[in-house]
Colleague: 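Can you read through this structure? Questions will come right after.
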Amino acid sequence: MADNALGKGLDALIQEPETTKKTTAKKTKKSTTKSSRKNKSSTAKSSRKTTNNIDIDQERIDQIKQEVEKNPRISLWSSKSAATLRYLKKTIPEFSISNEASIILEDAIKEKYPDIWALFDDE
């Protein structure tokens, strides 16, 4: 698996065996349910403002900023994107899959969720 590592957080694009995917999906579903319950109770205590139909929870924003400062990495699964970026990596000298994916993803998120993006602009 190390031979296929893409580095800087995109190594998750490498296909996993089906059994691993099923196990991971079950674990994710369980943890999501637990965290949803926790988030609902803690959200009621936080200070909130509403801007452009977005519920702003400053306590949650601060928590997210701390988490992202420690670990800004995200994982994605997209076989077509992985194939395209790997092709570029093999055909363009010094092409960085991580840099390109970051640029594309940031532009798309900024365009789709501009109000939320603006909450984290101060970084």
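These numbers come from the heavy atoms of this one structure, side chains and all, not from hydrogens, waters or symmetry mates.
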Colleague: Once you round to the nearest 0.5 Å, how far does CD of E69 lie from NZ of K65?
Modeller: 10.5 Å

Colleague: Report whether I97 and L88 are members of the same hydrophobic cluster (ILVMFWY, side-chain heavy atoms less than 4.5 Å apart, transitive linking).
Modeller: yes

Colleague: Rounded to the nearest 0.5 Å, what's the gap from CD on E100 to OG on S81? Could you check?
Modeller: 11.0 Å

Colleague: Verify the cluster assignment for F95 and I103: are they in a single hydrophobic cluster under the rule of side-chain heavy atoms below 4.5 Å apart?
Modeller: no

Colleague: Is I61 linked to W117 within one hydrophobic cluster, defined over Ile, Leu, Val, Met, Phe, Trp and Tyr using a side-chain heavy-atom separation of less than 4.5 Å?
Modeller: yes

Colleague: Will you find, in the side chains of E67 and N71, an N or O donor that is under 3.5 Å from an N or O acceptor?
Modeller: no

Colleague: Nearest 0.5 Å, what's the CG-CD1 distance between D121 and I116?
Modeller: 12.5 Å

Colleague: Establish whether I74 and I109 are linked, either directly or via other cluster members, by ILVMFWY side-chain heavy-atom contacts under 4.5 Å.
Modeller: yes

Colleague: Around atom OH of Y87, are there more than 12 heavy atoms from other residues, nucleotides or ligands closer than 6.0 Å?
Modeller: no

Colleague: In this structure, would F120 and Y113 fall into the same cluster of hydrophobic residues linked by side-chain contacts under 4.5 Å?
Modeller: yes

